[in-house]
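The chains referred to below are lettered A, B, ... by the order of the sequence lines, with proteins before strands, and numbering in each begins at 1.
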Amino acid sequence: MMKQTSFSSKLLKWYARIQRDLPWRKNFTPYSVWISEIMLQQTVLSGVIHYYVKWMERFPDVSNLAKASSRQVLRMWEGLGYYSRASNILKTARIIIKEHKNKFPDNYTDLISLPGIGDYTACAILSIAFKKPCPVCDANVKRVMRRFLAWKIWNRKKENDLKSFLYSVIDKRAPGDFNQALMELGQTVCVNKNPKCSLCPLGSDCQAFKKHIQNSIPENKSSGIIRKKTLLLLLLYKNKILIVKRKKGVLSHLWNFPLMEKKNNDRVPAGLYIKKHVALKFNFKKKLPKHIHYYTKYQDEIEPVLYHISDPLPVMRDHKWVSLKHLDRYPFPSVYRKILTLLDTDTFNS
DNA sequence: AATTCGGGGTC
DNA sequence: GACCCAGAATT
């Protein structure tokens with residue numbers, strides 16, 4: 001095993017040379033680190049930048065955020081995905097104001113008890129904002145270190161071993177830079193497929209590179225894609241469309257159109273749904289172009305269908321008729337908004 | 001321990 | 001077109 005100082009000094013020297021100018025690297029406050037880290041969870045960096053800048057203009061600090069409504073927060077989050085993150089951010093902001101008297105927690109126990117903050121985010125905040133020697137262990141770090149140590153197999157025990165190894169090599173003076181350097185190395189050089197080993201500051205200290213096995217770590221996964229089909233009900237009444245508030249999930253205030261999952265190609269009883277929840281009188285207008293939506297391991301074939309409603313029943317709880325031009329006031333998963341924008345206006349008028 | 005939660009970058 | 005990502009909460 002190489003010396004610890006060599007590992008981190010090579011890494012930090014490289015990072016000082018190549019690190020990019022990102023909006024959240026301007027000044028590291030606990031708030032800015034927290035928001036950027038939550039936004040970056042499972043989300044590629046380039047997509048986050050714009051959201052982060054907009055967010056900081058709208059919610060410059062914790063107290064400002066804590067006063068916002070759930071809808072305002074979700075509207076700012078729309079398009080980023082993983083919407084429970086936005087709800088958890090709001091909950092946590094209010095906890096910091098009320099229970100911590102607007103003092104951002106600076107220890108692991110308090111941080112990890114906050115909604116939306118787990119091991120990774122707690123360590124990121126502690127190292128970057130508070131300069132405490134807590135190593136982070138995200139997908140980048142795992143891949144870089146698995147290659148560096150030539151660990152072909154991976155399990156829970158290995159994750160603990162990695163954590164203790166990182167504790168022994170993390171730079172005590174610049175733990176935030178150390179962590180960011182390791183992640184940036186994974187993102188730009190030690191990438192998942194075809195790593196650019198010729199650009200790596202660790203060079204032949206990397207055991208996988210030495211053994212020429214860097215391409216087989218991590219192991220290639222077999223595709224486990226699951227196909228789904230969904231019928232999306234666009235129900236029109238005069239110039240209004242029916243939207244439904246999501247009830248699943250903690251504090252999930254996002255809106256949808258009514259939708260029905262197709263089970264093994266059976267016909268979906270859309271009419272029954274409409275009769276039961278919306279109106280006794282309705283006219284099928286047309287099927288609209290299908291839209292394939294990929295997420296996680298799913299491929300969802302969304303088929304929007306248009307109905308005209310007459311004499312609507314009193315609306316159910318969580319249902320709402322909204323005029324088309326006011327639709328942008330409501331937070332939607334962006335796939336549904338995208339589908340809607342694909343439709344031309346005469347689709348609704350015909 | 002396995003599943004759920006989304007969207008877009010990327011090759 | 002399929003994989004993957006600055007993970008956390010729930011089951």
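C/dG7 atom P lies 14 Å from atom CD1 of A/Ile89, rounded to whole Å. For the pair A/Ile125 CD1 and C/dG7 P, the computed distance is 14 Å after rounding to whole Å. A/Asn194 places its CG atom 10 Å from the P atom of B/dC11, with the value rounded to the nearest Å. Between the CD atom of A/Glu159 and the P atom of B/dA2 there is a distance of 14 Å, given to the nearest Å. Rounded to an integer number of Å, the gap from A/Arg85 CZ to B/dG6 P is 9 Å. B/dT10 atom C1' lies 11 Å from atom CG of A/Asn192, rounded to whole Å. In this structure, A/Lys193 atom NZ and B/dG9 atom P are separated by 18 Å, rounded to whole Å. Atom OH of A/Tyr82 is separated from atom C1' of B/dC5 by 5 Å (rounded to the nearest Å).
Sorted by first and then second residue, the ring-ring contact (aromatic ring centres under 6.0 Å, His included) pairs involving residues 86-113 of chain A (not counting sequence neighbours) are A/Trp34-A/Phe104. Pairs of residues two or more places apart, or lying in two chains, never qualify as salt bridge (Lys or Arg N to Asp or Glu O under 4.0 Å) while including a residue from residues 270-279 of chain A.
Of the residues in residues 110-121 of chain A, none lies under 4.0 Å from DNA chain B by heavy-atom distance. For DNA chain B, the neighbouring residues in residues 28-57 of chain A, judged by any heavy atom under 4.0 Å, are A/Gln42, A/Thr43, A/Val44, A/Ser46. Residues of residues 138-146 of chain A having a heavy atom closer than 4.0 Å to DNA chain C, listed by number: A/Asp138, A/Ala139, A/Asn140, A/Arg143.
The side chain of A/Arg25 approaches C/dA6 more closely than any other nucleotide in the set B/dA1, C/dC3, C/dA6. Considering only side-chain atoms of A/Tyr83, the nucleotide from C/dC5, B/dG7, C/dA6 that sits closest is B/dG7.
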Donor-acceptor pairs are to be reported for all side-chain atoms of residues 45-56 of chain A against protein atoms at under 3.5 Å, with residues two or more places apart or in another chain.
unit_1  : atom_1 : unit_2  : atom_2 : d
A/Tyr51 : OH     : A/Glu78 : O      : 2.8
A/Trp55 : NE1    : A/Tyr31 : OH     : 3.2

Side-chain polar contacts of residues 120-138 of chain A - donor-acceptor pairs under 3.5 angstrom, sequence neighbours left out - could you list them?
unit_1   : atom_1 : unit_2   : atom_2 : d
A/Tyr120 : OH     : A/Glu37  : OE1    : 2.6
A/Thr121 : OG1    : A/Gln41  : NE2    : 2.9
A/Ser127 : OG     : A/Cys123 : O      : 2.9
A/Ser127 : OG     : A/Ala124 : O      : 3.2
A/Ser127 : OG     : A/Asn179 : ND2    : 2.9
A/Lys132 : NZ     : A/Asp106 : O      : 2.7
A/Asp138 : OD1    : A/Asn140 : N      : 3.3
A/Asp138 : OD1    : A/Val141 : N      : 2.9
A/Asp138 : OD2    : A/Asn140 : N      : 3.4
A/Asp138 : OD2    : A/Asn140 : ND2    : 3.3

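Taking 4.0 angstrom as the limit, A/Asn179 places none of its side-chain polar atoms (N or O) nearer than this to OP1 or OP2 of C/dA6. The side chain of A/Gln187 contributes an N or O atom lying less than 4.0 Å from OP1 or OP2 of C/dA6. Within the structure, a side-chain polar atom (N or O) of A/Arg156 is placed less than 4.0 Å from OP1 or OP2 of B/dA1.
In terms of the salt bridge (Lys or Arg N to Asp or Glu O under 4.0 Å) criterion, residue partners of A/Asp161 (sequence neighbours excluded) are, by chain and number, A/Lys157. By the side chain to side chain donor-acceptor pair (under 3.5 Å) test, A/Tyr82 pairs with no residue at all, sequence neighbours left out. Checked against salt bridge (Lys or Arg N to Asp or Glu O under 4.0 Å), A/Arg71 has no partners two or more places apart in sequence or in another chain. With sequence neighbours excluded, no residue satisfies salt bridge (Lys or Arg N to Asp or Glu O under 4.0 Å) with A/Arg329. Not counting sequence neighbours, A/Glu99 has no partner by the side chain to side chain donor-acceptor pair (under 3.5 Å) test.
Comparing the P positions of B/dT10 and C/dG7 gives a spacing of 16 Å, expressed to the nearest Å. Of the C1' atoms belonging to B/dG6 and C/dC4, the separation is 13 Å, rounded to the nearest Å. Nucleotides C/dA9 and B/dG8 have their P atoms positioned 24 Å apart, rounded to a whole Å.
Heavy-atom neighbours of A/Arg20 CZ from other residues, nucleotides or ligands within 6.0 Å: above the threshold of 12. Dense packing is recorded around NZ of A/Lys158, with more than 12 heavy atoms of other residues, nucleotides or ligands lying under 6.0 Å away.
Remark on DNA chain B: of its neighbouring residues A/Lys196 and A/Phe332, the 5'-side contact belongs to A/Phe332, judged by nearest-heavy-atom nucleotide.
Put simply, the side chain of A/Ser32 gets close to the backbone of A/Asn27: a donor and an acceptor are under 3.5 Å apart.
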